[in-house]
Amino acid sequence: MSTLEQKLTRLTAAGRFDLCSPGEGIRLLSAAPVINYNRRAGGCGRMLKVLLHGTCAYDCAYCAVRLQREQLRFTPEELARTFLGLWQEGLVGGLFLSSGIAGDVDSVMHEIVETGEILRRQGYDGYLHLKILPGATRADIHDAARVADRISINLEATSADRLGCIAGVKDYRQDILKRQAWIAEEKPGGHTTQIVLGAAGETDAEILSCLADQYRRVRPSRVYFSAFHALPGTPLASRPNTPVWRARRWYQADSLLREYGVTPDELRTVLDDGDYLPNRDPKEVLADGSSPVNVNLASRRDLLRVPGIGPKRADRILLLRKEKPFTGPADLAARAGVPGKAAGCYLTFGGRDSVQMRLAL
Ligand code: SF4
């Protein structure tokens, strides 16, 4: 294996902890290095996720990069050339570029931006996601926003106190929230963030408050959730791993906030007595506490509260019921594609609204 291939293999392996899609996985291409496959990001197909620097001057207690102490690094020219080669061969369709903070933030941030600029100058017009480092300057954020399709800074934790438990060197308000506000101004609707669930011992009530603040203040297009996984040799090695289902439930809860018009206060009712999400679809939990919905009369907002009905099905129901009311479960399944199993307990079909007509399960 050439030195360049070694670098690519090791720096893509180190970069896999940053998320850029809820369902991402890792795929090995036969002759190529580790490529993170991302079906959703901008429709770009295979996403190359890689670090510019494999070492970091910071010492965040949950982080894999701090352990690796990789002295390997790409120069911007090297990485741009390597990526363009893979892209031209059709092996990758997008780039997610991050880095350990080797030395000072400004010089590494310049290199990240420079890599993006080289790629654009050389004709790369595909998907480009650049990571903004904590403490980056406004000028670098501006340049990254100009050159990239998407930029992101990781919150990692829900508050300054929580971050202090796991990454004391970062100033949550200055290095992260202030930068995130700049990012929101430079790239409205084109930025994301990530929270590591369970690393700092936060409750789901704290996560919910954090998300409510995010959507009110800076409106990220997505928040990614990674379940904390204890790495041997780190200060958090003895902390229990966060179950993966917690991340899955947070993706469901987050989509209720973003796409279904559920308010943070409504979502708070789903939490258990210990302020955690139960391991159950939060939409079902919410619907269990509500009255059945008349499918022929309900508003779009109310239809969206029914498990099994998403935005597309709700719109279809609104359209089709103008032609002819739905007569029952089979009619609803045949015309609007609503699965009886999911919607069964939560719908009525008119006439006597007080009588709930259960779909055949
Ligand atoms: S700053 Fe980032 S790369 Fe460096 S140790 Fe912390 S989380 Fe890891």
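Computed over heavy atoms, backbone and side chain alike; hydrogens, waters and symmetry mates excluded. Remember, it's 1-based here, ligands and their atoms both numbered in the order they're listed.
The hydrophobic clustering, which links ILVMFWY residues whose side-chain heavy atoms are closer than 4.5 Å, places Leu320 and Val295 together. Tracing side-chain contacts under 4.5 Å through hydrophobic residues (I, L, V, M, F, W, Y), one reaches Leu8 starting from Leu84; they form part of the same cluster.
Within the 4.5 Å cutoff, side-chain heavy atoms of Glu117 are placed close to those of Arg146.
Distance check for Cys56 against atom 8 (Fe) of ligand 1: none of its N/O/S atoms falls below 2.8 Å.
Each of the atoms 3 (S), 5 (S), 7 (S), 8 (Fe) of ligand 1 lies under 4.0 Å from some heavy atom of Cys63. Within the listing of ligand 1, atoms 7 (S) sit less than 4.0 angstrom from a heavy atom of Tyr62. Atoms of ligand 1 lying under 4.0 Å from at least one heavy atom of Lys170, given by number and element, are 1 (S), 6 (Fe), 7 (S).
Inspection of the Asp140 and His110 side chains reveals an N or O donor paired with an N or O acceptor under 3.5 Å.
In this pair, His129 and Tyr127 present their aromatic rings perpendicular. The plane angle is above 60°, beyond the 30 to 60° band.
The shortest contact between atom 6 (Fe) of ligand 1 and any protein heavy atom is with Cys60 SG, 2.3 Å.
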